[in-house]
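Notes follow the structure.
Letters A, B, ... mirror the listed sequences (proteins, then strands); counts begin at 1.
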Amino acid sequence: MMQNAEIARAFNQLADLLEIQGANTFRVRAYRSAAQTIEGLSVAIADMLEREEDLTTLDGIGKDLADKIATLHRTGSLPALAEAQQQVPPGLIELTRIDSLGPKRVKTLYDELGIDSLDALKQAAREQRISALSGFGDKTEKKILEEAERLNQQAGRTRLDEAQQAAEGLRQHIEQCDGVEQVVVAGSYRRRRETVGDLDILVVAEEGRRVMAHVAEWEEIERVALSGDTKTTVHLKSGLQVDVRVVPEESFGAALYYFTGSQAHNVAVRKMAVARGLKINEYGVFKGDRQLAGHTEEAVFAQVELPWIAPELRENRGEIEAAQRGKLPQLITPDDIRGDLHMHTTATDGKASLEEMAEAGRRQGYNYIAITDHSQRLAMANGLDARRLREQLTAIDKLNEQLKRFTVLKSIEVDILEDGQLDLPDDVLAELDLCVASIHSRFNLDRDRQTERLLRAMDNPHVSIIAHPTGRIVNGRDGYELDMQRVVDGAADRGVCLEINAQPARLDLRDIHVRMAKEAGVLISIATDSHATGQLAHMAFGVDQARRGWLEKDDVLNTRTLTQLRKALKR
DNA sequence: GCCGTTTTCGGCCCGACTGTTTTCAGTCG
């Protein structure tokens with residue numbers, strides 16, 4: 001079965017190849033925009049095709065692309081892609097990843113000098129054959145060589161929590177500059193994506209040059225890639241790229257909106273502006289030369305008759321239509337969270353005791369937490385067998401007697417065995433307030449068996465929540481193969497909740513799966529999987545992810561009061 | 001290649017920076 005991601009990848013590859021071939025840029029854009037649409041869908045294209053639904057109803061997909069998708073689904077390959085791959089040497093795509101080298105220059109280098117690989121490029125640059133070409137000079141040649149040599153050490157996307165450290169540090173540095181009135185980190189950081197490609201920092205100040213000079217002095221900067229009056233790009237020692245933009249106060253809202261993106265969202269809204277005879281850029285909304293809005297984001301949205309849309313939703317995944325119809329979700333906020341339903345103690349692989357975790361939960365302002373240590377199968381983590389679990393339950397009962405207006409719920413993170421059975425007998429699971437189940441082994445089962453495994457686990461009436469349902473690690477591993485639609489529908493049928501694991505390295509479910517779960521009516525638990533007291537604060541990342549999945553307070557299990565929670569857990 | 005409350009043809013979001021150029025193409029976000 002063809003996954004959405006595979007279809008999107010095929011279209012993106014084809015777009016890259018067509019671009020190098022010098023195809024019409026709008027045709028290239030059409031492939032990219034279709035890929036983006038497909039990636040953001042919360043339904044499987046394959047399922048749509050099975051149900052014979054019309055793909056041309058999707059944004060940016062017309063008859064031709066619908067046919068191509070059908071071919072891809074039916075045969076597993078795309079003739080147009082295979083043909084383009086025949087015509088363009090495979091090394092050329094890699095060359096476009098070099099900073100300052102785009103499709104046009106790569107094509108010229110190939111046509112004129114036969115350069116089709118990184119090595120050939122470096123050699124040509126060293127032999128000064130590139131600067132001999134028209135349109136290329138000494139500086140370009142030198143830059144190409146530098147960037148080609150940097151290519152291997154360039155970081156990919158940076159995890160949000162790591163980006164946050166750099167962003168906060170630089171934000172504080174810039175705030176110390178004279179004449180700076182405001183500093184905001186925009187881009188995918190503000191949209192709270194799980195990873196960021198670079199940081200976009202917006203500065204309100206009158207004198208751009210002074211800000212740029214100040215930025216360049218920050219100790220974490222490795223080099224300044226470019227620097228103008230309103231824009232500078234720097235590379236940090238960590239490998240992260242940062243773009244700093246300086247705008248005047250009257251353009252702050254327009255610039256914030258503009259640099260928050262996503263690009264797909266911005267393009268869609270700017271089209272709406274064009275249809276109204278308006279132009280939106282980072283300085284404001286304009287009718288001719290007259291600025292109609294720009295000071296605030298709300299005013300910019302108002303010019304195209306939209307309410308303010310939360311950054312987390314700005315992915316062009318239906319938020320604009322929802323806004324037009326007055327159907328935007330009232331997104332959950334961190335204050336809505338009343339407890340944390342996944343954490344470990346020193347009984348297994350946690351770093352803090354039961355009492356310390358309870359105290360940490362109280363300090364977080366919660367009404368309850370659940371202690372969910374590992375089960376026996378996870379020997380590496382000193383997992384609990386029935387006897388040790390019962391000892392812990394007794395200890396929790398004792399602790400609860402001393403606590404006021406705070407409850408420690410009795411739970412476990414029980415392993416799901418290969419056949420979908422659970423790692424502890426039903427009689428001990430029956431003594432718990434709730435049962436969290438998850439997969440920690442045999443990630444390599446095929447899609448059907450892995451899906452069945454989760455469904456069988458959910459068949460057990462004691463199971464309340466499936467933790468980190470896909471097993472993926474951000475920037476680490478993809479997670480096991482699953483038919484998410486079946487998992488989500490299975491959870492809905494059985495009244496089982498799915499988790500958003502708030503560990504920044506997990507964020508599992510991911511945003512589109514969260515939305516899929518919401519649409520199926522599955523209740524979500526946002527939980528930190530804390531292994532130390534300091535990690536309870538990771539809840540914020542989980543709430544971010546929930547917002548990206550359009551969740552409202554009522555969609556989330558642990559916004560409930562304790563009484564409501566117990567009721568919701570009944571299956 | 002997509003799309004239509006100006007359009008079924010002729011548009012398609014918008015601007016900063018750089019280098020190689022004497023007016024702009026290429027790249028990037």
Side-chain angles (χ1 to χ4, degrees), chain A residues 11 14-15 18-20 22-37 55-69 80 95-109 130-144 146-147 186-189 191 196-202 208-209 212 224-234 241-247 251 254-255 257-286 300 304-305 316:
Chain A
F11 281 175
L14 185 49
L18 288 172
E19 197 170 36
I20 291 173
N24 179 297
T25 54
F26 298 107
R27 188 172 160 228
V28 172
R29 189 188 293 175
Y31 279 103
R32 295 232 167 89
S33 113
Q36 216 154 28
T37 294
L55 298 183
T56 65
T57 57
L58 298 174
D59 199 22
I61 293 176
K63 181 166 184 335
D64 182 87
L65 290 184
D67 286 347
K68 286 196 166 71
I69 293 170
L95 295 183
T96 63
R97 285 176 43 225
I98 293 169
D99 214 24
S100 80
L101 269 194
K104 295 255 175 28
R105 282 173 172 165
V106 165
K107 184 175 191 315
T108 303
L109 291 171
I130 291 176
S131 54
L133 297 175
S134 136
F136 292 78
D138 290 345
K139 282 191 174 173
T140 303
E141 183 173 67
K142 190 158 163 285
K143 170 111 173 148
I144 287 174
E146 274 175 21
E147 295 294 342
S188 49
Y189 179 89
R191 302 200 312 279
V196 303
D198 58 20
L199 287 176
D200 298 288
I201 299 187
L202 185 63
R209 282 285 174 190
M212 302 319 181
V224 178
L226 60 85
S227 185
D229 288 336
T230 67
K231 172 180 173 173
T232 188
T233 296
V234 298
Q241 176 179 315
V242 185
D243 296 331
V244 179
R245 299 288 303 242
V246 178
V247 296
S251 295
Y257 178 58
Y258 189 84
F259 293 115
T260 295
S262 65
Q263 191 177 12
H265 169 95
N266 284 356
V267 166
V269 171
R270 283 200 292 269
K271 274 185 192 162
M272 294 172 61
V274 169
R276 288 166 169 76
L278 305 175
K279 180 178 70 173
I280 300 182
N281 59 28
E282 59 263 58
Y283 301 108
V285 182
F286 295 88
V300 172
V304 288
E305 294 162 75
N316 197 26

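Taking 4.0 angstrom as the limit, A/Thr230 places a side-chain polar atom (N or O) nearer than this to OP1 or OP2 of B/dC17. For B/dC28, neither phosphate oxygen OP1 nor OP2 lies less than 4.0 angstrom from any side-chain nitrogen or oxygen of A/Gln263. Residue A/Tyr283 places at least one side-chain N or O closer than 4.0 Å to OP1 or OP2 of B/dA16.
Distance A/Arg97 CZ to B/dC28 C1': 16 Å, rounded to the nearest Å. Note: OH (A/Tyr258) to P (B/dC14) measures 9 Å, nearest angstrom. At whole-Å resolution of the value, CE in A/Met212 and P in B/dT18 are 10 Å apart. Across the protein-nucleic acid pair, A/Ile61 atom CD1 and B/dC3 atom P stand 9 Å apart, rounded to whole Å. Straight-line distance from the CD1 atom of A/Ile130 to the P atom of B/dT20: 12 Å, rounded to whole Å. Distance A/Lys63 NZ to B/dC2 C1': 14 Å, rounded to the nearest Å. Summarising the geometry, the separation between NZ on A/Lys271 and C1' on B/dG11 is reported as 11 Å, rounded to the nearest angstrom. We find that CG of A/Asp59 is positioned 18 Å from P of B/dC12, with the value rounded to whole Å.
Under the side chain to side chain donor-acceptor pair (under 3.5 Å) test applied with A/Glu19, the options A/Arg32, A/Lys104, A/Arg27, A/Arg29 reduce to a single match, A/Arg32. Of the listed residues (A/Thr233, A/Val234, A/Thr232), just one forms a side chain to side chain contact (heavy atoms under 4.5 Å, CB included) with A/Leu226, and that residue is A/Thr233.
If you take CG on A/Asp200 and CZ on A/Phe259, they are separated by 7.5 Å, rounding to the nearest 0.5 Å. Rounding to the nearest 0.5 Å places CZ of A/Arg105 at 9.0 Å from OG1 of A/Thr108.
The residue A/Ser33 sits apart from the nucleic acid: no heavy atom pair falls under 4.0 Å. Residue A/Lys143 is out of contact with every strand shown, counting any heavy-atom pair closer than 4.0 Å. Across all strands shown, A/Val274 has heavy atoms under 4.0 Å from sugar-phosphate atoms exclusively, and none from any base. Among the protein residues, A/Gly197 comes within range of no part of the nucleic acid, since none of its heavy atoms lies under 4.0 Å from any strand. Residue contacts for A/Glu141: at a heavy-atom cut-off of 4.0 Å it reaches no nucleic acid atom on any strand shown. Contact annotation for A/Arg29: base contact, defined as any heavy-atom pair under 4.0 Å involving a base atom. Residue contacts for A/Asp229: at a heavy-atom cut-off of 4.0 Å it reaches the sugar-phosphate backbone alone, with no base atom in range. Contact annotation for A/Phe259: no contact, since no heavy-atom pair falls under 4.0 Å across all strands. The residue A/Glu282 sits close only to the backbone: its heavy atoms come under 4.0 Å of sugar-phosphate atoms, none of a base. Across all strands, A/Arg105 comes closer than 4.0 Å only to sugar-phosphate atoms, never to a base (heavy-atom distances). Looking at heavy-atom distances under 4.0 Å, A/Lys68 makes contact with sugar-phosphate atoms alone, never a base.
You'll find that the side chain of A/Leu226 is closest to B/dT18, out of B/dT27, B/dT18, B/dG1. Closest approach to the A/Thr140 side chain among B/dG29, B/dG15, B/dT20 is made by B/dT20 (side chain taken as heavy atoms from C-beta onward). When the nucleotides B/dC12, B/dA16, B/dC14 are ranked by their closest atom to the side chain of A/Asn281, B/dC14 comes out on top. Distances were taken from every side-chain heavy atom of A/Leu65 (C-beta onward) to each of B/dT27, B/dG29, B/dG1; the shortest belongs to B/dG1. Of the candidates B/dT27, B/dG1, B/dG29, B/dG29 carries the atom nearest the A/Asp198 side chain, counting heavy atoms from C-beta on. Set against B/dG29, B/dC2, B/dT27, the side chain of A/Pro103 has B/dT27 as its closest nucleotide. For A/Lys279, the listed nucleotide lying nearest its side chain is B/dG15; candidates were B/dG1, B/dC17, B/dG15. In the set B/dG1, B/dG19, B/dG26, the nucleotide with an atom closest to the side chain of A/Lys139 is B/dG19.
Using the Watson-Crick or G-U wobble rule with both distances under 3.5 Å, B/dT8 pairs with nothing in any strand shown.
Distance noted for atom P between B/dC14 and B/dC9: 25 Å (whole Å). Rounded to whole Å, the P atom of B/dT21 lies 13 Å from the corresponding atom of B/dG26. When the C1' atom is compared between B/dC12 and B/dT6, the two are found 15 Å apart, to the nearest whole Å. B/dT5 and B/dG1 are spaced 23 Å apart, taking the P atom of each and rounding to whole Å. Straight-line distance between the P atoms of B/dC28 and B/dT20: roughly 16 Å, to the nearest whole Å. Nucleotides B/dC2 and B/dT7 are separated by 14 Å at their C1' atoms, to the nearest Å.
Taking for each of A/Phe26 and A/Ala66 the nucleotide of DNA chain B with the nearest heavy atom, the 5'-most of the two is the partner of A/Ala66. Checking A/Thr56 against A/Ser227, the closest nucleotide of DNA chain B that is more toward the 5' end is the one next to A/Thr56.
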| query | Do A/Leu133 and A/Leu109 pass the side-chain contact (heavy atoms from CB on, under 4.5 Å) test, and can you show the C-alpha distance, the side-chain angles, and the key distance before you say yes or no? | reply | CA-CA 9 Å; A/Leu133 297 175; A/Leu109 291 171; 3.8 Å; yes
Are A/Ile280 and A/Tyr258 close enough, and set up right, to give a side-chain contact (heavy atoms from CB on, under 4.5 Å), and what steps lead you there? CA-CA 9 Å; A/Ile280 300 182; A/Tyr258 189 84; 5.5 Å; no
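Side-chain atoms of A/Ser131 never come within 3.5 Å of backbone atoms of A/Glu141 as a donor-acceptor pair (strictly under, hydrogens ignored).
Looking at heavy atoms from C-beta onward, A/Phe11 lies out of side-chain contact with A/Gln36 at the 4.5 angstrom threshold.
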